[in-house]
Each structure stands twice: as C-alpha cells, then as structure tokens.
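Working notes for the structure below.
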Amino acid sequence: MPFSGFTQHSNDWINFNQSYYKISVARDGLYRITYNDLQAANFPVNSVDPRLIKLYHRGKEQAILVQGEADAVFNSTDFIEFFGKRNDGTLDKNLYKPANSQPHPYYNLYSDTTAYFLTYSLIPPAGKRMQSFSEVNVLNLPKENVHTEERLTVLSEDYSSGYSFGPELVLQNTFFDQGEGWFSKPLQPQQFADFTIDLLKNGVPTEGTPRLEMLLVGRDAYPHSAEVQVGGIASALRTVATVDFFGFETPVITADLDWSDFTADGKTTIRITAGSTFNNRFQFSTAYVKVIFPQSFNASGVTEKIFRLAPN
C-alpha cells in the first residue's frame, strides 16, 4: 500500500540546554538592544561572553553587531544591533496548492509580527557577525547616480475566500486556493477606486522611466474587465493599461509612467475602474500597487530610508 507524508522544518538550531529570548518585530528596520534592555529581560548580561551571543530567525542564524565585544565583557555602554524584518507571506505559500497560487508574498494571512530569538552559549564557536568593509577606489569606479526606489501599497481591507465550485459556487477546498487572501474591497461594474502614492520625490529623469506594477484578484467565476489610469491630480487622469481576465485569476499589470504623472510635492493617483459585462455581476479586488523609479541619494527630510543598488 503506498503511503504519502510530509516533512517539518528542522529545529536543529535549537539547543535545549540554552535559554532563548523572544524579540517581536512588526516593522522592517534596524533594531538596537541595550544593556538595560537585556537586564530587564533577565538576560545574564554580566556573566555572558558577548562574543558567544547569537540571534536566530526562521531557523537561521542572523548576522548581528555587538558593540564592544572585543574585551569579552558586555559593558553598560555596549549594545546589540540587527536588521529585523516584519512578518510577510513567505511561509504562507506552503498553505496554497499549488504554492504558486499565492497571489503575492507581501502580506501575511495571520500576523505582521515575526519572532527573532536571542541566545548565548558557554563555549565557542562565536556568533555570526556583521562584517565591516572599506576599500580605496583604486580602479576609479564611477559613483552611482541613482538607486531604485519602490513605493509599495499593500491592500488588506477585505478577505477573499478564493476559488469556489459546485452548485451556486459555495464549495471550497480545505487548502488555500487561487484568489484567496487579504485584498482591497471588491469593485462592482462601473465602480472605481483611487490609490494615492506619495513620497515620489528626488527622481532623476535622465536615468530612466517610472514604472507601475499592480496586482488584481478576481472575486467570482465571471469575466472581468479593468482599466488603469494615472495622473498627478484625479481630474486629469490618462489610461495606461486595460486588462481582461476570468474567474479568480490574479493578473499583474505593468505600465510605464511619465514624470509628469507626479505632482510637485511627490504624489500620483492610480485609479482602477471596473468595466461592465453582459451579466453585470463580476467583481475584483486590488492586492497591491507599486511605483518604481530612479531616485537620487538625497535623503534629507526622511527618518528612514532603504537604498536599492544595482549589482556592480
């Protein structure tokens, strides 16, 4: 008789003779853990060799910075820094059959909070550390003029149960299916929704053209028709794309934008309009809207920034 089975994620990273301290992260960014933070969590900061401190996320050790660890003592002015990322849909794909039915990986079905685990050992090896790099530009490589900026808006107002079948389309599979997840509220025929994307500043027109990317999600088993318009102000929009799709499909729409689609204060309006069909019943949602453009390295006036550089 044939048997089928599955494998679970390995827990080899866990040493049951060690203590682990859970750090919850709900936003991408650099995090600092101070001496006082460790003391408040009852971490034995005064008796641990800081070189043996380690951090784990999703079963993998993360590179961290431990300031002042060279003397093997965690002093009151020392600290730990790491780059933490919020929970996204990376692990959710295993819930879908097939896995590529997952509409996108930007949003988690259950929580935006993920966990990092801080631990320490009493014997080597030392923990994984961030590496410092410095090099003289002896080859006279030209400086980079721009980086690629991404302004992403993920919609999560309304839950779609996805693909349905059978009489009256009320039957569903127990696993996650095509078109299932959190998206915008659905549009009925002739309805539209506007999305305002901001912080579109410091663009460099000589380095390329802005681009739009958005994902739509069908919400019933009928034909769908959508029109995408953009513009600096809602009263002066132009059509950049149209798409026809069916059922619970999840088409990705891409289109080039004009720099004139951005206002002087760095905003643009993206409008998605539902067309009409013979049965006038169909509906669909928007999953995310992304605007990508070449941007200078001017980071004045912002409190946080990610620079995306082309490999060179």
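Bear in mind that the values here come from a model prediction, so they are computed numbers and not experimental data.
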* To do: State, with a plain yes or no, whether a side-chain heavy atom of Thr269 is found less than 4.5 Å away from one of Val230.
  => no

* Ring-ring centroid check Phe43 Tyr120, cutoff 6.0 Å -> yes

* Short N-O contact, Asp261 and Lys267, less than 4.0 angstrom -> no

* Can you find a heavy atom in the side chain of Thr250 that is under 4.5 Å from one in the side chain of Leu216? -> no

* Asked: Is a donor on one side and an acceptor on the other found under 3.5 Å between the side chain of Glu81 and the backbone of Phe79?
  -> no

* Asked: Is there a donor-acceptor pair closer than 3.5 Å between any side-chain N or O of Asp220 and the backbone N or O of Gln283?
  -> yes

* Asked: Should Phe245 and Ile272 be counted in the same cluster of Ile, Leu, Val, Met, Phe, Trp and Tyr side chains packed under 4.5 Å apart?
  -> yes

* Asked: Between the side chains of Tyr288 and Glu213, does any donor sit under 3.5 Å from an acceptor?
  -> yes

* Given Arg58 and Asp88, is the salt bridge (charged side-chain N to carboxylate O under 4.0 Å, His left out) satisfied, shown in steps? -> CA-CA 12 Å; Arg58 292 177 178 171; Asp88 58 18; 3.5 Å; yes

* Asked: If we ignore angles and hydrogens, is there a donor and acceptor under 3.5 Å between the side chains of Tyr159 and Glu180?
  -> yes

* Mind checking whether Tyr110 and Phe176 have parallel, tilted or perpendicular rings, split at 30° and 60°? -> perpendicular

* Taking C-beta and beyond as the side chain, do Leu55 and Ile23 meet within less than 4.5 Å on heavy atoms? -> yes

* Begin with the C-alpha distance, continue with both residues' side-chain angles, and end with the deciding distance and a verdict on salt bridge (charged side-chain N to carboxylate O under 4.0 Å, His left out) for Arg238 and Asp258. => CA-CA 10 Å; Arg238 64 186 185 88; Asp258 293 336; 3.2 Å; yes

* When hydrophobic residues are tied together by side-chain contacts of less than 4.5 Å, even through go-betweens, does Tyr106 share a cluster with Met214? -> no

* **Check: Ser121/Gln18 side-chain N/O donor and acceptor closer than 3.5 Å** => no

* Verify, without hydrogens or angle tests, whether Gln102 (side chain) and Gly89 (backbone) share a donor-acceptor contact under 3.5 angstrom. => yes

* To do: Using only heavy-atom distances, determine whether the side chains of Glu227 and Thr239 contain a donor-acceptor pair under 3.5 Å.
  => yes

* To do: Ignoring hydrogens and angles, state whether a donor on the side chain of Asn298 or Ser300 is under 3.5 Å from an acceptor on the partner side chain.
  => yes

* Taking the side chain from Gln295 and the backbone from Lys201, do they hold a donor-acceptor pair closer than 3.5 Å? -> yes

* Relative to the ring of Tyr116, is the ring of His57 parallel (under 30°), tilted (30 to 60°) or perpendicular (over 60°)? -> parallel

* **Geometric class of the Phe117/Tyr20 ring pair [parallel <30°, tilted 30-60°, perpendicular >60°]** => perpendicular

* Dump the intermediate steps for side chain to side chain contact (heavy atoms under 4.5 Å, CB included) on Phe248 and His224, then the final yes or no. => CA-CA 10 Å; Phe248 300 89; His224 311 310; over 6 Å; no

* Contact check, side chains of Leu200 and Asp198, non-hydrogen atoms, under 4.5 Å -> no

* To do: Check the angle between the aromatic planes of Phe307 and Phe297 and answer parallel, tilted or perpendicular using the 30° and 60° thresholds.
  => tilted

* Asked: Do Thr196 side-chain atoms and Asp194 backbone N/O form a donor-acceptor pair below 3.5 Å?
  -> no

* Asked: Heavy atoms, side chains only, cut-off 4.5 Å: are Val289 and Leu212 in contact?
  -> yes

* Asked: If you count the non-hydrogen atoms of other residues, nucleotides and ligands that lie under 6.0 Å from CZ in Arg308, is the total more than 12?
  -> yes

* Keeping to residues at least two apart or across chains, list the side-chain hydrogen bond (donor to acceptor under 3.5 Å, both in side chains) pairs with something in residues 41-54. => Tyr35-Asn46, Asp49-Arg51

* Asked: Do Thr286 and Phe195 have side-chain heavy atoms sitting under 4.5 Å apart?
  -> yes

* To do: Check step by step if side-chain hydrogen bond (donor to acceptor under 3.5 Å, both in side chains) holds for Ser225 and Asp244.
  => CA-CA 4 Å; Ser225 176; Asp244 296 319; 3.2 Å; yes

* To do: Scan side-chain atoms only and decide if Tyr56 and Lys128 contain a donor-acceptor pair under the 3.5 Å cut-off.
  => no

* To do: May I have the step-by-step check of salt bridge (charged side-chain N to carboxylate O under 4.0 Å, His left out) for Lys97 and Asp177, ending in yes or no?
  => CA-CA 6 Å; Lys97 289 185 179 181; Asp177 221 320; over 6 Å; no

* Asked: Can Arg271 be said to sit on top of Phe192's aromatic six-ring, NZ or CZ under 6.0 Å from centre and within 45° of the ring axis?
  -> yes

* To do: Take Lys93 and Leu91 through the test side chain to side chain contact (heavy atoms under 4.5 Å, CB included) and record every step on the way to the result.
  => CA-CA 5 Å; Lys93 68 179 181 181; Leu91 301 181; over 6 Å; no

* Going by an N to O cut-off under 4.0 Å, is there a salt bridge joining Arg211 and Glu150? -> no

* To do: Begin from the C-alpha positions of Leu118 and Ile53 and carry the test side chain to side chain contact (heavy atoms under 4.5 Å, CB included) through to its verdict.
  => CA-CA 7 Å; Leu118 190 71; Ile53 293 176; 3.6 Å; yes

* Test item: Ser132 and Met130 side chains (from C-beta on) under 4.5 Å apart, heavy atoms -> no

* Do we see a donor-acceptor contact under 3.5 Å between the side chains of Asn75 and Thr77? -> no

* Say whether Asp37 and Thr34, considering side chains only, have a donor N or O and an acceptor N or O under 3.5 Å apart. => yes

* When you look at Lys143 and Asn145, which way does the side chain to side chain contact (heavy atoms under 4.5 Å, CB included) test go after all the steps? -> CA-CA 6 Å; Lys143 70 176 182 179; Asn145 295 319; 4.2 Å; yes

* Mind running salt bridge (charged side-chain N to carboxylate O under 4.0 Å, His left out) on Arg129 and Glu61 for me, showing each step along the way? => CA-CA 10 Å; Arg129 296 295 181 261; Glu61 187 178 359; 5.2 Å; no

